[in-house]
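Atoms considered below: every heavy atom in the structure, side chains included; atoms not considered: hydrogens, waters and symmetry mates.
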Amino acid sequence: MLIDWFTVGAQLLNFLILVWLMKRFLYQPVLDAIATREQKIAAELADAAATQARATQQQDEFRQKNEAFDEQRAGLLQQARDAAKAEGERLQVQAREAADAANAARAKALLADAQHLRADITRHTQEQVFHISRRVLGDLASVSLEQRASEVFIQRLRAMDGAELVTLGAALKAASDAEPALLRSAFELPEAQRSAIQTALTESFGQPVALKFQTAPELVSGIELSAQGQKLAWSISDYLAALSDGLEDRLRVKETA
């Protein structure tokens with residue numbers, strides 16, 4: 001069989017031309033399309049990866065913010081609890097102090113009322129004793145209460161001795177006419193009783209003593225001599241005070257029993 005080299009050459013040339021044409025107009029566009037597609041896919045994958053990374057980062061940030069918020073909320077709640085506890089304790093202390101102050105004020109008011117009542121009772125008792133004593137002395141001895149009080153005062157004056165007498169004598173001597181010794185009595189002393197007291201003072205201290213007489217009903221049938229801060233006194237209120245002290249002592253003993 002004879003080979004037609006011209007035909008073989010023409011076919012080979014045609015094949016090469018076909019290959020070139022296919023590569024030029026078919027394969028290359030396909031390859032370019034595939035490359036473009038691959039680049040697009042790569043870009044999309046890169047975008048997806050970047051998006052995933054950003055999502056992961058945002059998720060981490062969100063978790064961190066949640067954790068920080070939880071810590072802050074816990075801190076605020078603890079602060080609120082501490083503040084509420086401190087405020088509760090402060091209010092309790094304030095209420096306790098207010099209650100103590102109220103109790104103290106109530107106790108003070110009760111004590112004041114008791115003192116006023118005791119003073120009223122004492123004053124009323126003194127007045128009653130004064131009137132009863134006056135009547136008893138007048139009925140039994142025909143001697144006025146004022147006269148008897150003066151006599152008892154003079155007896156007490158003459159019974160003084162020692163340091164007490166020296167101290168009172170020095171005070172009376174220091175008193176001058178510009179500032180005489182003060183003799184206070186619960187009643188207006190008659191002239192006879194004034195003279196008797198003046199005479200007793202002169203005899204006790206060896207010299208006349210200038211006196212200023214003054215009426216003081218609160219002495220309750222009593223007489224008080226004072227000069228330069230020194231005093232000599234006698235009154236029914238002294239006995240009543242002793243009686244009151246004794247009664248208070250007995251009441252305190254009963255309260256503590």
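For Arg184 and Phe213, the positive end is not near the middle of the six-membered ring at less than 6.0 Å and at most 45° from its axis.
The CD atom of Gln78 sits 13.5 Å away from the CZ atom of Arg73 when rounded to the nearest 0.5 Å. Atoms CZ and CG, from Arg106 and Leu110 in turn, are 7.5 Å apart once rounded to the nearest 0.5 Å. Rounded to the nearest 0.5 angstrom, Arg194 CZ and Thr199 OG1 are separated by 14.0 Å. Summarising the geometry, atom CD belonging to Glu71 is positioned 11.5 Å from atom CG belonging to Asn66; distances are rounded to the nearest 0.5 Å. Distance check: Gln64 CD to Gln59 CD gives 11.0 Å after rounding to the nearest 0.5 Å.
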Could you go step by step and tell me if Glu151 and Gln193 meet the side chain to side chain contact (heavy atoms under 4.5 Å, CB included) rule?
CA-CA 8 Å; Glu151 293 175 355; Gln193 294 175 4; over 6 Å; no
Apply side chain to side chain contact (heavy atoms under 4.5 Å, CB included) to residues Gln198 and Val209 and explain how you reach the verdict.
CA-CA 7 Å; Gln198 191 78 62; Val209 177; 4.1 Å; yes
Do Leu76 and Gln72 pass the side chain to side chain contact (heavy atoms under 4.5 Å, CB included) test, and can you show the C-alpha distance, the side-chain angles, and the key distance before you say yes or no?
CA-CA 6 Å; Leu76 292 175; Gln72 184 178 8; 4.2 Å; yes
Report the C-alpha distance between Gln58 and Arg54 in whole Å, list the side-chain angles of each, state the deciding distance to 0.1 Å, and finish with yes or no for side chain to side chain donor-acceptor pair (under 3.5 Å).
CA-CA 6 Å; Gln58 291 177 355; Arg54 287 195 299 271; over 6 Å; no
Can you check side chain to side chain contact (heavy atoms under 4.5 Å, CB included) on Gln214 and Leu182, steps first, answer last?
CA-CA 7 Å; Gln214 185 180 88; Leu182 179 63; 3.8 Å; yes
Return a table of donor-acceptor pairs under 3.5 angstrom between the side chains of residues 33-50 and protein atoms on other chains or two or more places apart.
residue : atom : partner : partner atom : Å
Thr36   : OG1  : Asp32   : O            : 2.7

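Arg96 is listed as a side-chain neighbour of Asp100, based on a closest heavy-atom distance under 4.5 Å. Side-chain contact between Phe153 and Leu225 is present, with heavy atoms from C-beta onward closer than 4.5 Å. Using a 4.5 Å heavy-atom threshold, the side chains of Ile197 and Leu189 count as touching. Contact of the Pro180 side chain with the Leu211 side chain is not registered, since no non-hydrogen atoms from C-beta on lie closer than 4.5 Å.
Listed by chain and number, the residues in a side chain to side chain donor-acceptor pair (under 3.5 Å) with Thr215 are Glu188 (sequence neighbours excluded).
Contact detail for Pro208 and Thr202: the closest heavy-atom pair is CA-OG1, 3.7 Å. Residue Ala171 comes nearest to Ala227 through the heavy atom pair CB-O, 3.2 Å, listed as atom of the first residue, atom of the second, then distance. The two residues Phe205 and Leu157 make their nearest non-hydrogen contact at CE1-CD1, 4.0 Å.
Under a 4.0 Å N-O distance rule, the pair Asp60/Arg63 qualifies as a salt bridge.
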